[in-house]
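Right, one structure below, let's go through it.
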Amino acid sequence: MAEAADIHGTGASAARRWLRRTGILIAGAPLLTGLLLPASSPALAQDTSGHTAAQAQAAQKTAPTGSRTVDVAVNSLTPSVPTHGDTLTLTGTLTNKSRHTVTDASLALRVGPALEGRSAIDGLSKRPGFGSGPEGTQVDGPYAKKFAKLAPGVSQPFTLSIPVKKLDLGSTGVYQLGVELTGQTAAQPWEQTLGIERTVLPWQPDAASTKTKTTYLWPLISATHVTAETGSDEQQTPVFHDDSLAKEIAPGGRLQQMLALGSDLDVTWVIDPDLLASLDAMTKNYKVQRPDGTTVAGTNQALAKQWLNNLEKAVSGKKVVALPFADPDLASLAHTGKNVSGSLGHLQGATTVAATTVETVLHVKPDTDFAWPVDGAVDPSIVDVATSAGAHKVIARSDSFRESGRLAYTPTAARPIGGGTTAVVADAGLSKAFQGDMTRAESATLAVQNFLGQSLMIKQQAPGTPRSIVVAPQRMPTASQAQTMAKALHALQDGGWSQPQDLSAAADAKPDPGASTHVPSTRSYPAALRRQEMPKRAFNAIQHTERKLDAFKVILTDASRVVTPFGRALDRELSTSWRGHGTDAKTFRGGVASYLGGLTKGVGLIEKSDTKLSGRSATIPVTVQNNLVQGVDHLTLRLTSTKPTRLKIGDKPYSEQQVEVSGGHSQSLKFTTTANANGPVPVRAQLFTEDGQPYGDPVTFDVDVTEVTPTVMLVIAGGVLLLVLAGFRMYTTRKRAAARAAAADAQADASTAAQDAPDATATGATERATTDSDAVAADHQDTVHGERPDRQPGATGSGHPSDPAVDTVAESIDPPGAGERVDR
């Protein structure tokens, strides 16, 4: 302050005023900041816990308040349909969802007014909080339950028991029922409603004079389990892609629960014959694929036998509807499959085999006159496809087959839609009542009460009008859903307003005159369902597999071993169960096609290397191999020359031979060829079926023709001639040597005789000997030339009678006289 007072030109009073102003500004700075910035600014405002005010405010917003502070869960309500003299018992849990302890709590029942219409039942569960609608009268006093406190996050069980007469229920109807918790918290220290759970209570004190006939479908349908692969043994051991079916029929499994629960109910059994065929296969030897592709022997034969035996007893005397084999996706066939040749043909075969399968396994005659599109959604194309296989009744659903609004009540299910076809329209509200998660007791209890309330409300819409109502639940209910359905049906059958009826009777019921018979247009088909349909490429893949099967079966000696398993596999590729599982469906189709391809390749031509052909003609062998366990025939092997002017096969550019090969063997067929020129000629071998379709891959190889030339022929001929001449020379040489040896012997004999006779005689003898030796030599010479004439006296040298006589007399054999000479 002294320093301030010493400022030049400033007096004491002025300095004091300046200091006061500065202090005020400093002191008011925080206040000014608070005014300029919002208190919730995360950059400045923080609470004592170190959290920002924004976080604290967000936490306050998410924390439940008011009637949502405590979660009230009703886990059971018995009896579901009370009558006079009953005591209504409710059990459940209370869970404090806030961060504060609830004190002075009281739990009591509230009975509201009778509800008006089915929409009021649907809207009850959507009501936001307490007081948003009429809540009714609280039943407190001795029937209320007191709780001193409920700690945050802690659940406590409760039980309420109230005599029905204390509920003050009036005439027949569906009443609103609420379980309300009142109390206070430290944050809100006043009595208020902290939690409430609402449901409905059907009240039918006396049996109705006119009852609603209710048909409930009880579906036994499963996913695909059997592959196209079978063993090579006589029984053709089937192969399952996993062992999940055994889990479904095991105690506690989905199908085991469906069978056990349905046995005690008056329902219409809707069965996929594929399930029966798969379980029947399990009763014998079967194999199960492992993830690595290997197989192991199945071990659940006894389980499958027991399940089928129990089912046969359960359906005895009951209505059984058989769907086409493998439950084909009718909507996919109608919207996409009909554009691919041959796709609709599967439906007729699947319908035919359905009846046979059910009769064989269960020994009952099923009704195959019903078609069931997925979720009951229909349009004209679906109806056309559904009835193309012989069905005259289509199970639809009311959320697809909408009413025109002319009726104030739910009409009878049967509707004639033209062409002798009846649409059996299931009620959507009742059919979808158990589609949620029924594993929670609260959800199951509320679903049962909702179903019963809707059913009674249908009756109350037109109490004196008899009607037939159909309920078509989800195709493959879970075990918990099946249990909830069974509980609701038991309560319904014990109620006084409904009586059971089978599906055929419902379809034959007299239609309501005012009910809609207009089939929804294709544009109105649900987009969500359309996205799940099979794509066109799937139908093309099925068509390709079927064509390969058709070409393969005609060459087999026992085609049934292949046609039956693959025919059923193709049916399974069209199953409705693939919806939502597109990748699995594609894998299954690929497995079927791959296995068939492996079998077809078991019959084919053995690869052949290039062949050399020396000479103008030769035979070419071609081998056909059969690696199947059965024989093949009705095949033709065609060998074709691509250059017939240079190489002919037989008398034409190609030649054909019939093929017949036993299982596990091969056959070689030989083809005669004729070459007209040298050089390589490509030759193509191809198998054909009887109808002229190529079978398997062709085999192509080159035939290298090496023709023999004239020069080579001359050389060979000259060599042969030299060999012949050499042999002849050797032969004549040996003959001449023999002749000279004979002449020498004759001269020796003559010399010996001359020594014993006179000189003249010796001389004559010598001359005769010489003459004789010459004759012998001449005789040998004639023999060498192949001629040996018979000489006769007086004949010429030629030995023929017509030859002229010689001009000398016959030579005397007597010794000549002295001094006589013979000119030779």
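Note that this is a predicted model, so its numbers are computed, not measured.
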Within the structure provided, determine whether [X] and [Y] are in side-chain contact (heavy-atom separation under 4.5 Å).
| X | Y | value |
| --- | --- | --- |
| Glu248 | His225 | yes |
| Leu167 | Leu201 | yes |
| Gln483 | Met438 | no |
| Thr215 | Val424 | no |
| Leu489 | Thr214 | no |
| Thr199 | Thr445 | no |
| Ile221 | Ser577 | no |
| Val270 | Leu220 | no |

Residues Asp399, Lys432; criterion side chain to side chain contact (heavy atoms under 4.5 Å, CB included); working and verdict = CA-CA 10 Å; Asp399 52 354; Lys432 297 189 292 184; 3.6 Å; yes
Roughly how far, to the nearest 0.5 Å, is [atom2] of [Y] from [atom1] of [X]?
| X | Y | atom1 | atom2 | answer |
| --- | --- | --- | --- | --- |
| Ile271 | Asp327 | CD1 | CG | 12.5 Å |
| Leu88 | Leu169 | CG | CG | 9.0 Å |
| Leu107 | Phe147 | CG | CZ | 5.5 Å |
| Trp372 | Arg397 | CH2 | CZ | 9.5 Å |
| Ser263 | Met258 | OG | CE | 10.5 Å |
| Asp502 | Trp269 | CG | CH2 | 14.5 Å |

Is a donor on one side and an acceptor on the other found under 3.5 Å between the side chain of [X] and the backbone of [Y]?
| X | Y | answer |
| --- | --- | --- |
| Thr268 | Lys319 | no |
| Gln449 | Val200 | yes |
| Glu403 | Ala515 | no |
| Arg415 | Thr412 | yes |
| Tyr175 | Gly170 | yes |
| Asp272 | Ala326 | yes |
| Gln184 | Gln192 | no |
| Gln256 | Gly252 | yes |
| Thr93 | Pro157 | no |
| Ser575 | Trp578 | no |

ask   = Can Asp266 and Gln499 be said to form a side-chain hydrogen bond (donor to acceptor under 3.5 Å, both in side chains), step by step?
value = CA-CA 9 Å; Asp266 197 342; Gln499 69 182 46; over 6 Å; no
Do you know the tightest heavy-atom contact between [X] and [Y]?
| X | Y | result |
| --- | --- | --- |
| Val448 | Ser80 | CG1-OG, 3.9 Å |
| Val378 | Ala396 | CG1-CB, 4.0 Å |
| Leu194 | Gly183 | CD1-C, 3.7 Å |
| Ser332 | Arg579 | OG-NH2, 4.0 Å |
| Leu330 | Pro373 | CD1-N, 4.0 Å |
| Ala108 | Ala144 | CB-CB, 4.1 Å |

request  = Test side-chain hydrogen bond (donor to acceptor under 3.5 Å, both in side chains) on Arg118 and Thr410 and set out the steps.
outcome  = CA-CA 10 Å; Arg118 300 182 64 181; Thr410 302; 3.1 Å; yes
inquiry  = Please determine whether side-chain hydrogen bond (donor to acceptor under 3.5 Å, both in side chains) holds for the pair Ser498 and Gln493, giving the CA-CA distance in whole Å, both sets of side-chain angles, and the decisive distance to 0.1 Å.
reply    = CA-CA 7 Å; Ser498 176; Gln493 292 175 4; over 6 Å; no
Take atom [atom1] in [X]; do more than 12 heavy atoms of anything else shown fall under 6.0 Å from it?
| X | atom1 | answer |
| --- | --- | --- |
| Lys318 | NZ | yes |
| Arg402 | CZ | no |
| Arg68 | CZ | no |

query = Passes side chain to side chain contact (heavy atoms under 4.5 Å, CB included), Val471 versus Asp427? Steps please.
reply = CA-CA 6 Å; Val471 183; Asp427 184 81; 5.6 Å; no
ask   = Between Arg467 and Asp512, is there a salt bridge with N-O shorter than 4.0 Å?
value =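 Salt bridge flag = no for Arg467 with Asp512.
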message = Parallel, tilted or perpendicular: which one describes the rings of Phe434 and Phe451, with boundaries at 30° and 60°?
response =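 Judged by the thresholds at 30° and 60°, the geometry between Phe434 and Phe451 is tilted.
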query = Which pairs pass ring pair (Phe, Tyr, Trp, His ring centres under 6.0 Å) with one or both residues in residues 73-108, sequence neighbours excluded?
reply =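 Of all non-adjacent pairs touching residues 73-108, those that pass ring pair (Phe, Tyr, Trp, His ring centres under 6.0 Å) are His84-Trp203.
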With a cut-off of 3.5 Å and sequence neighbours excluded, list every side-chain donor-acceptor pair involving residues 205-213.
none

inquiry  = Is it the case that the side chains of Asn96 and Gln156 hold a donor-acceptor pair, with the cut-off being a distance below 3.5 Å and no angle test?
reply    =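 No - no donor-acceptor pair under 3.5 Å links their side chains.
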key: Derivation of the side chain to side chain contact (heavy atoms under 4.5 Å, CB included) call for Leu181 and Phe158   = CA-CA 11 Å; Leu181 179 75; Phe158 72 83; over 6 Å; no
task = With side chain to side chain contact (heavy atoms under 4.5 Å, CB included) as the test, would you mind laying out the steps for Asp168 and Thr137 before giving the verdict?
result = CA-CA 10 Å; Asp168 291 331; Thr137 306; over 6 Å; no
task = Could you check Asp140 against Ser106 for side-chain hydrogen bond (donor to acceptor under 3.5 Å, both in side chains), going step by step and ending with a plain yes or no?
result = CA-CA 9 Å; Asp140 52 6; Ser106 176; over 6 Å; no
